[in-house]
There are 2 protein chains.
Amino acid sequence: MTKVLVVDDEPQIVRALRINLAARGYQVLTAHDGAAALKAAAEGRPDVVVLDLGLPDVDGTEVIAGLRGWTTVPIIVLSARTDSADKVEALDAGADDYVTKPFGMDELLARLRAAVRRSTTSAGDGEPVVKTASFTVDLAAKKVLRDDTEVHLTPTEWGILEVLVRNSGRLVAQKQLLKEVWGPAYATETHYLRVYLAQLRRKLEPEPSRPRHLITEPGMGYRFEP
Amino acid sequence: MTKVLVVDDEPQIVRALRINLAARGYQVLTAHDGAAALKAAAEGRPDVVVLDLGLPDVDGTEVIAGLRGWTTVPIIVLSARTDSADKVEALDAGADDYVTKPFGMDELLARLRAAVRRSTTSAGDGEPVVKTASFTVDLAAKKVLRDDTEVHLTPTEWGILEVLVRNSGRLVAQKQLLKEVWGPAYATETHYLRVYLAQLRRKLEPEPSRPRHLITEPGMGYRFEP
DNA sequence: ATCCGCGTTGACGGGTTCTTGACGGCCGGG
DNA sequence: CCCGGCCGTCAAGAACCCGTCAACGCGGAT
């Protein structure tokens, strides 16, 4: 879950942000002055900071500098000042974005999504690794490990395994599997599935004839069981 | 030198930006419609894109999507529309920032600096030097050492190696590799990869015919193993 | 003008992967 | 009891992909 630190001394702004962010599945931390903001950031390790420049105790740029000393977390500045010089100052101090009050909640949320997307896609993985008792699937690296050694899969084998793993625990209809791996024209070639599921089991299951993770649901489809 | 691609159909805006950017030491590319923008981005490899949404040929979000298909270069959107929905749409399509016209040049430049700073520091963090049993890659210095002597790589060879090393351990699809090194138009020229991977292996692998670090995954792509 | 480095393109051999057919086991219904 | 689906297994030829070598053209440097 994405963690947002909201720093503002106006209670109604904090409340509005907290409600809107929480409703969209964000975890929200708050602080109402600069000192508390630095403390909260250090302890809570937010994924993004929304920072009002008009704080009671310290200048906003000092908060930015304080954060930038040790973290590259995205900072979105809120401010009532529309003056261009203020924006330049904040951005050059290390802020990532600058939104003037009064702001549209939709826009702020969109800018927040953009900031989070940037930082997570460049930092890389969101933990796409699935483990079972006998093998491990790494979706991002497209790797499969069994007993700490890599198992080589062909493109088709990987395609099937990926669809099943992404629907972990759920039943995937044969038609759906065929369409996603071979394309819509092959929706009835159920024989392909039999051949490739057998290959996958031979490579991954401890006892291929008695599968424990790549399960057949007769007449319906297949299911991956972690 | 930082390279900026300016996309706008209004000549006076392009001129103003070109002058201001050049005066601050940026290298400036320009395009006046969406098609030219995608072409210029593929060929010129800018470090940041300034994109006007009101282009004559295609919708601005399509240009964003076209870029995001193969690059994570920062995109700063310019637009005369102040409507919140437009901003949300552009940001969610993959833009990094949104500035409404008329804009202050100081502010735009500050946002541009912020965007470039972000992309260079986040890309540069982590270890810029990657070592394997037989050679060492220095991403920052663009150098490769083998047995303590420098190995000379051509620009294309380096481009491939860099993409692979930045995705260390992960499989990189042939399409992705081609798009990032040669540009989106070359996404199917898999033969290029075979030729260049062979050259890289000849230069870097102790036993080129039995590669241990530059691995082929048939039908899928290539992988760098440290 | 000539040479050299580099990117591009074609041809070919060898290996892997996909497709397809055949066969047998299991199960429920006629 | 027999039969028709459905599934798993095996094997073989076709299709595809990869690595390698070599030739060509272009541009910059000598």
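Sequence lines set the chain letters: A, B, ... in the order given, protein chains first and strands last, and positions in each chain run from 1. Quick caveat: nothing in here was measured; it's all calculated off a predicted structure.
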Note to self: Nearest heavy atom decides the nucleotide; on that basis, is A:G221 or A:R202 closer to the 5' end of DNA chain D?
What the structure shows: A:G221
Checklist line | Side-chain N,O (A:Y192) to OP1/OP2 (C:dC18) below 4.0 Å | finding: no
Checklist line | Nearest listed nucleotide, side chain of B:S209, among D:dT20, D:dT9, C:dT17 | finding: D:dT20
Next item on the list: Can you tell me the distance, in whole Å, between the CG atom of A:L200 and the P atom of D:dT9?
Entry: 12 Å
Check: What is the distance, rounded to the nearest whole Å, between atom CD of B:E207 and atom P of D:dT20?
Finding: 12 Å
Note to self: Check this one for me: any side-chain N or O of B:T216 less than 4.0 Å away from OP1 or OP2 of D:dG19?
What the structure shows: yes
Note to self: Here's a test of your reading of the structure: between B:Q199 and A:P155, which maps to the more 5' nucleotide of DNA chain C?
What the structure shows: B:Q199
Check: Within less than 4.0 Å of OP1 or OP2 of C:dT8, is there a side-chain N or O belonging to B:W182?
Finding: yes
Notebook entry, point to check: Starting at CG of B:L178 and ending at C1' of C:dT8, how long is that distance when rounded to a whole Å?
Noted result: 13 Å
Checklist line | Under 4.0 angstrom between A:H191 side-chain N/O and C:dC18 OP1 or OP2 | finding: no
Next item on the list: Round to the nearest Å and state the distance from B:L197 atom CG to D:dC21 atom C1'.
Entry: 16 Å
Check: Does D:dT20 have OP1 or OP2 sitting under 4.0 Å from an N or O in the side chain of B:R194?
Finding: no
Checklist line | B:E217 CD to D:dC18 P, straight-line distance once rounded to whole Å | finding: 11 Å
Margin query: Could you check whether A:T149 and A:D147, counting side-chain N and O atoms only, form a donor-acceptor pair closer than 3.5 Å?
Written below: no
Check: What integer distance in Å separates B:L214:CG from D:dG19:P?
Finding: 11 Å
Note to self: Within the 4.0 Å heavy-atom criterion, would you say B:Q174 contacts the bases, only the backbone, or no part of the nucleic acid?
What the structure shows: sugar-phosphate
Check: Can you check whether A:V144 reaches A:D138 side chain to side chain, under 4.5 Å on heavy atoms?
Finding: no
Note to self: If you apply the rule side chain to side chain donor-acceptor pair (under 3.5 Å), what do you find for A:T2 with A:R113, and how did you get there?
What the structure shows: CA-CA 10 Å; A:T2 308; A:R113 282 193 296 275; over 6 Å; no
Notebook entry, point to check: Heavy-atom distance under 4.5 Å between the side chains of B:S134 and B:H213, does that happen here?
Noted result: yes
Note to self: Strictly below 4.0 Å, N to O, side chains only: are B:E205 and B:R146 in salt-bridge contact?
What the structure shows: no
Item checked: Nearest-nucleotide 5' precedence on DNA chain C, B:L153 against A:Y196 -> B:L153
Next item on the list: Answer yes or no: is there a side-chain heavy-atom contact under 4.5 Å between B:D47 and B:V73?
Entry: no
Note to self: By the 4.0 Å heavy-atom rule, please label A:T190 as base, sugar-phosphate, or nothing.
What the structure shows: nothing
Next item on the list: Take atom CZ of A:R210 and atom P of D:dG8, then tell me their distance rounded to the nearest Å.
Entry: 14 Å
Margin query: Distance check needed: C:dT20 C1' versus A:L193 CG, whole Å only.
Written below: 15 Å
Next item on the list: Verify the contact: side-chain N or O of B:T154 to OP1 or OP2 of C:dG7, cut-off strictly under 4.0 Å; return yes or no.
Entry: yes
Item checked: Short side-chain N/O contact to D:dC18 OP1/OP2 from B:Y222, under 4.0 Å -> no
